[in-house]
Amino acid sequence: MTDGKWRVTASRYVHKDRWIAVRADDCVTDEGAVVAPYYVLDYPDWVEIIALDAADNVLLVKQYRHGLGGMSIELPAGGMEPADADPLQAARRELLEETGCAGVLTLVGETRANAGTHSNRTHIVLACQVAKVAEPKDDPTERIERLWVPAAEALRMALAGELTVGMQVASLLRGLAQAGVASISLANPARS
């Protein structure tokens, strides 16, 4: 029995800058099939923050997203920078920069944006007792509108497709469950 892993016989970067690296790997599957090139997107790790105030309202951000070509309602989030010691430090920085808020942070876990082609991890961070402590950083490339909504409304928005980033929907569900604000149960356990 093999472990199923592919063997990389050659690897080269097709493009690399501070935002993304596109890697072309020549691979051989454990059964001997050649897959070449196989493209991998190397991004820095990301953090997504489920920020709750004292009344369990969720902090969302609305901003223009060029890939979408329009406005998107999302969780506060961002890429980890080389100076970030860990995901909690990155989340603390992103929350303060984007929203001017701070709180008590806990690491919930991690996910992958797309395990088939992305090498990075997405760290899910729960921020409780969040309050505004400063003005957000003035960044002309990020004009962010802050929205506080009750946790039930954030959950409704996620299920209705109003939150446009799929991995953030998963992070929101995990964060709200971790905080004890929401629970997930089967509607009809007999059907499982």
Side-chain angles (χ1 to χ4, degrees), residues 1-51 58 60-61 63 65-70 72-95 98 105-127 154-155 157-179 182-186 192:
M1 183 93 187
T2 64
D3 63 8
K5 291 184 179 179
W6 293 2
R7 185 171 42 91
V8 177
T9 60
S11 185
R12 63 207 167 279
Y13 282 102
V14 177
H15 175 82
K16 190 173 187 179
D17 64 23
R18 70 182 194 142
W19 300 108
I20 187 174
V22 180
R23 194 177 75 225
D25 290 345
D26 294 343
C27 304
V28 179
T29 70
D30 65 336
E31 295 177 358
V34 174
V35 182
Y38 190 92
Y39 293 103
V40 176
L41 304 177
D42 288 332
Y43 287 100
D45 280 5
W46 298 328
V47 293
E48 295 178 342
I49 306 142
I50 299 81
V58 177
L60 300 173
V61 294
Q63 61 186 315
R65 291 300 197 188
H66 191 66
L68 173 68
S72 179
I73 299 175
E74 306 175 1
L75 298 172
M80 289 186 65
E81 296 179 357
D84 293 327
D86 59 41
L88 293 180
Q89 181 180 349
R92 192 172 293 111
R93 176 184 48 74
E94 285 291 334
L95 186 61
E98 288 189 359
L105 278 58
T106 305
L107 187 62
V108 173
E110 65 181 49
T111 61
R112 300 287 177 145
N114 181 342
T117 59
H118 292 55
S119 64
N120 66 320
R121 298 170 294 174
T122 301
H123 303 279
I124 304 166
V125 177
L126 175 63
L155 187 55
M157 292 170 73
L159 295 174
E162 294 171 27
L163 299 182
T164 57
V165 181
M167 63 187 177
Q168 289 192 4
V169 171
S171 294
L172 177 68
L173 296 176
R174 288 182 66 184
L176 292 178
Q178 174 86 18
S183 63
I184 299 170
S185 64
L186 297 174
S192 11

Which value, rounded to the nearest 0.5 Å, describes the distance between Q168 atom CD and I50 atom CD1? 8.5 Å
With a 4.0 Å cut-off, would you call D84 and R93 a salt bridge? yes
Taking the side chain as every heavy atom from C-beta outward, state whether [X] and [Y] have any atom pair closer than 4.5 Å.
X    : Y    : result
L75  : I49  : no
T122 : R112 : no
V35  : D25  : no
P76  : E94  : no
I73  : E162 : no

Just to verify, what does [X] make a side-chain contact (heavy atoms from CB on, under 4.5 Å) with, not counting sequence neighbours?
X    : answer
L107 : P87, L88, H123, V125
Q63  : V61, R65, E74, E142, I144
A10  : D26
D42  : Y13, A21, R23, V40, S119

Side chain of Q89, backbone of A85: donor and acceptor closer than 3.5 Å? yes
If you take all heavy atoms of [X] and [Y], which pair is closest and at what distance?
X  : Y   : answer
T9 : C27 : OG1-N, 4.4 Å
G4 : D30 : CA-OD2, 3.3 Å
V8 : S11 : CG1-CB, 4.2 Å

Less than 3.5 Å apart, which donor and acceptor atoms pair up between the side chains of residues 170-178 and the rest of the protein, not counting sequence neighbours?
{"residue": "S171", "atom": "OG", "partner": "E48", "partner atom": "OE1", "Å": "2.4"}
{"residue": "S171", "atom": "OG", "partner": "M167", "partner atom": "O", "Å": "3.2"}
{"residue": "R174", "atom": "NH1", "partner": "E110", "partner atom": "O", "Å": "3.2"}

Residue among N120, V47, D86 satisfying side chain to side chain contact (heavy atoms under 4.5 Å, CB included) with M80: V47
Only pairs at least two apart or in different chains count here, so list each ring pair (Phe, Tyr, Trp, His ring centres under 6.0 Å) that has a residue in residues 21-44. W6-Y38, Y43-W46, Y43-H118
Side chain to side chain contact (heavy atoms under 4.5 Å, CB included) between V169 and L159: does it pass, once the steps are laid out? CA-CA 8 Å; V169 171; L159 295 174; 5.8 Å; no
